[in-house]
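All values reported here derive from a predicted model rather than from experimental measurement. Atoms considered below: every heavy atom in the structure, side chains included; atoms not considered: hydrogens, waters and symmetry mates.
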Amino acid sequence: DALPILIWGPQTWPVGEPVELTCVGLRCPSDTQVTWIKEHKGSTLEIPARARSGHQDMEPLLDQSGYRVKTSEDSERGTLTSTLSITPRVKDDEGAIFRCKFTTKHKRTTVEEEYKDFIIKGKPKVGHRICCSPYNGNQVRCS
């Protein structure tokens with residue numbers, strides 16, 4: 001029996017502002033582990049979530065890549081939720097595919113879901129300050 005999983009997040013990612021992708025596994029056995037995977041320009045980065053330890057909420061894991069992962073479980077319902085926090089940069093994340101992978105050791109089952117349809121929007125750049133002042137009666141001069 002494959003684990004059903006869902007993944008969601010915002011469609012627009014503002015540059016430099018944190019966004020979150022959330023992945024939920026349903027009917028997860030107690031030995032289920034979560035790994036986030038990022039594929040970008042031919043390279044693959046695995047971002048591990050902390051192993052389940054029976055705690056309701058686990059401390060966020062800050063990976064060396066700057067991503068934050070927080071995983072929690074509801075053992076009564078058999079759900080496992082993992083959230084990946086990202087502060088996007090155009091050169092690092094535009095065109096990337098993020099995958100959420102649930103693996104059970106006992107049954108050796110692996111299920112993945114991907115998230116890729118997002119747009120990274122940059123902040124407008126201001127070249128220089130514009131100053132305006134009254135000029136010649138009813139005109140305005142800006143420089």
Side-chain angles (χ1 to χ4, degrees), residues 1-135 139-143:
D1 241 353
L3 306 170
I5 61 175
L6 308 165
I7 188 170
W8 67 88
Q11 191 165 4
T12 301
W13 296 14
V15 169
E17 294 181 26
V19 295
E20 292 184 343
L21 298 180
T22 300
C23 196
V24 177
L26 309 172
R27 298 191 309 266
C28 296
S30 61
D31 66 345
T32 305
Q33 300 216 346
V34 182
T35 303
W36 286 90
I37 301 163
K38 174 187 170 185
E39 293 180 5
H40 187 249
K41 296 183 179 178
S43 65
T44 301
L45 172 67
E46 285 204 5
I47 309 160
R50 205 172 282 243
R52 291 173 78 173
S53 61
H55 293 77
Q56 288 298 82
D57 267 321
M58 293 170 221
E59 290 298 311
L61 173 66
L62 182 60
D63 184 71
Q64 69 276 6
S65 61
Y67 298 108
R68 267 192 189 280
V69 178
K70 183 176 182 181
T71 302
S72 62
E73 68 181 301
D74 181 339
S75 53
E76 287 182 17
R77 295 184 179 176
T79 60
L80 185 58
T81 303
S82 185
T83 301
L84 174 65
S85 296
I86 305 160
T87 302
R89 297 189 308 186
V90 174
K91 70 176 186 165
D92 295 333
D93 299 307
E94 189 171 53
I97 297 172
F98 290 87
R99 284 193 171 81
C100 179
K101 179 171 77 172
F102 283 67
T103 305
T104 63
K105 290 182 179 181
H106 176 67
K107 293 185 179 181
R108 296 185 179 149
T109 303
T110 299
V111 181
E112 291 184 16
E113 192 64 50
E114 71 178 31
Y115 188 85
K116 62 181 180 179
D117 296 322
F118 60 90
I119 299 165
I120 297 178
K121 292 216 174 187
K123 296 178 184 175
K125 293 182 180 179
V126 177
H128 65 282
R129 177 177 251 163
I130 297 174
C131 296
C132 297
S133 58
Y135 170 74
Q139 297 177 353
V140 176
R141 177 182 282 173
C142 298
S143 59

Answer whether the closest heavy-atom distance between the side chains of T22 and C100 falls below 4.5 Å. no
Can you check side chain to side chain contact (heavy atoms under 4.5 Å, CB included) on K101 and T110, steps first, answer last? CA-CA 7 Å; K101 179 171 77 172; T110 299; 3.5 Å; yes
Hey, does E39 have a side-chain heavy atom less than 4.5 Å from the side chain of K116? no
Is there side-chain contact between T109 and F102, with heavy atoms separated by less than 4.5 Å? no
Hey, are the side chains of V90 and V15 touching, using non-hydrogen atoms and a 4.5 Å cut-off? yes
For P14 versus P88, what's the shortest heavy-atom pair and its separation? O-CG, 3.5 Å
Please determine whether side chain to side chain contact (heavy atoms under 4.5 Å, CB included) holds for the pair E73 and V34, giving the CA-CA distance in whole Å, both sets of side-chain angles, and the decisive distance to 0.1 Å. CA-CA 11 Å; E73 68 181 301; V34 182; over 6 Å; no
Name the residue from T35, I5, V69, I47 that meets the side chain to side chain contact (heavy atoms under 4.5 Å, CB included) definition with S82. V69
Would you give the length of the straight line joining atom OG1 of T32 to atom CZ of R27, rounded to the nearest 0.5 angstrom? 12.0 Å
Check D117 against Q11 and note the closest heavy-atom contact, atom names and distance. O-CG, 3.6 Å
Given W13, which of T87, L21, I119 fulfils the side chain to side chain contact (heavy atoms under 4.5 Å, CB included) condition? L21
Heavy-atom nearest pair, E46 first then I37, reads CG-CG1, 4.2 Å
Would you say the side chain of D93 lies within less than 4.5 Å of the side chain of H40, judging by non-hydrogen atoms? no
Can you tell me how far CG of L26 sits from OG1 of T81, rounded to the nearest 0.5 angstrom? 8.5 Å
How far does CZ of R99 sit from SG of C23, to the nearest 0.5 angstrom? 12.0 Å
Note, W36 side chain near I7 side chain (heavy atom, < 4.5 Å): yes
Value rounded to 0.5 Å, distance of CD1 in I97 from OH in Y115: 13.0 Å
Is there side-chain contact between K38 and I86, with heavy atoms separated by less than 4.5 Å? no
Can you check whether S85 reaches E20 side chain to side chain, under 4.5 Å on heavy atoms? yes
